Protein chains: 2
Amino acid sequence: MNELSYKMFFKAISNKTRCAIIKLLMKRPGSVTEICQKSGFEQSRVSHNLKCLELCGFVNARYKGKNRLYSLHPEMSSILKAIDKHLVKYRRLSA
Amino acid sequence: MNELSYKMFFKAISNKTRCAIIKLLMKRPGSVTEICQKSGFEQSRVSHNLKCLELCGFVNARYKGKNRLYSLHPEMSSILKAIDKHLVKYRRLSA
DNA sequence: TTATCATATGATAAGATTATCATATATATA
DNA sequence: TATATATATGATAATCTTATCATATGATAA
């Protein structure tokens, strides 16, 4: 196991902005503009954070007209759901 | 899904010290002293970080003689392995 | 090809996280 | 109970991350 990229992976989603983006993309793919509107975050913040998610293998992107459409990698959903299940079971924190 | 604890979960393993501790505990349970020896990290660093991992539901602990024995929660291994598989497949970063 | 909309990027100040040190608390045994 | 060993905790300086601003680049349509 490559410890460093392991760490990168978790850094990628250990942040409010990127958590919110991932949550949105779990519903459906979206452009930067759409993500900005739905999240309320400003554009450069979203772009910077999408780049991080892309580099870490969470999402990929393709052009669709003027927009760049970002999608979650297919198995990410199931990984995130497994983690969620675990959290519900073992979490000790109220927040 | 609780976004906040989701974030906490990932913060927990997005750090070199805690990654290393988890890696050790994936092999077998261990006391603070053992983790210190194997990792080379000093004691208070290990204790502080184990506490974080405990709060976030990665590990639990029980007393065994003078020592406190830390173990990884059982399904963590399988979650971590699924993530590892994903990383190998999609990672774009060399580090 | 230029005007417009969409997205990306570099620099940086503000904020968050970390390791360390000093010390406190817990457990076991003599 | 006193001592030794093991672990936990609080404070803080150093380090790392983040959001933001200003601006650059990319894509499309007129």
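A, B, ... follow the sequence lines: proteins, then strands. Residue 1 opens every chain. Reckoned from all heavy atoms, side chains included, excluding hydrogens, waters and symmetry mates. Remember, it's a predicted structure, so these values are computed and weren't measured experimentally.
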What heavy-atom pair brings A/Val46 and A/Ser39 nearest, and what distance separates the two atoms? CG2-OG, 4.4 Å
Mind checking side-chain hydrogen bond (donor to acceptor under 3.5 Å, both in side chains) for A/Ser47 and listing every partner two or more places apart, or none if nothing turns up? A/Gln43
Report the distance from atom CG of A/Asn49 to atom C1' of D/dA19, rounded to the nearest whole Å. 9 Å
Pairs touching residues 25-43 of chain B that satisfy salt bridge (charged side-chain N to carboxylate O under 4.0 Å, His left out), sequence neighbours left out: none
For DNA chain D, stems built from three or more consecutive Watson-Crick or G-U wobble pairs below 3.5 Å: C:1-30 with D:1-30
B/Leu55 atom CG is separated from D/dA8 atom P, nearest whole Å, by 12 Å
What do the steps show when you test B/Val32 against B/Cys36 for side-chain contact (heavy atoms from CB on, under 4.5 Å), and what is the final call? CA-CA 6 Å; B/Val32 176; B/Cys36 286; 4.2 Å; yes
Could you state the CD1-P distance from A/Ile13 to D/dT17, rounded to the nearest angstrom? 16 Å
Not counting sequence neighbours, which residues clear side chain to side chain contact (heavy atoms under 4.5 Å, CB included) with A/Asn15? List them please. A/Thr17, A/Arg18, A/Asn49
Report the distance from atom NZ of B/Lys16 to atom P of C/dA19, rounded to the nearest whole Å. 8 Å
Closest heavy-atom pair, A/Leu53 versus A/Ala12, reported as atoms and distance to 0.1 Å, is CD2-O, 3.7 Å
Closer than 4.0 Å, any side-chain N/O of B/Asn15 to the OP1 or OP2 of C/dT18? yes
Would you mind building the protein contact string for nucleotides 1-16 of chain C? One character per nucleotide, 5' to 3', B for base within reach (heavy atoms under 4.0 Å), S for sugar-phosphate only, - for untouched. ----BSBBBB------
For residues 61-72 of chain A, the salt bridge (charged side-chain N to carboxylate O under 4.0 Å, His left out) pairs (sequence neighbours left out) are A/Glu54-A/Arg68
Restricting both atoms to N or O, compile the protein contacts to nucleotides 1-3 of chain D shorter than 3.5 Å, with distance only.
none

According to side-chain hydrogen bond (donor to acceptor under 3.5 Å, both in side chains), who are the partners of A/Gln37, at least two apart in sequence or on a separate chain? none
Set of residues satisfying side chain to side chain contact (heavy atoms under 4.5 Å, CB included) with respect to B/Ser78, sequence neighbours excluded: B/Glu75
Looking only at non-hydrogen atoms, find the nearest pair between A/Ser77 and A/Leu72 and report the distance. OG-CD2, 3.9 Å
With clusters defined by side-chain heavy atoms of hydrophobic residues (ILVMFWY) lying less than 4.5 Å apart, directly or transitively, does A/Leu69 cluster with A/Phe58? no
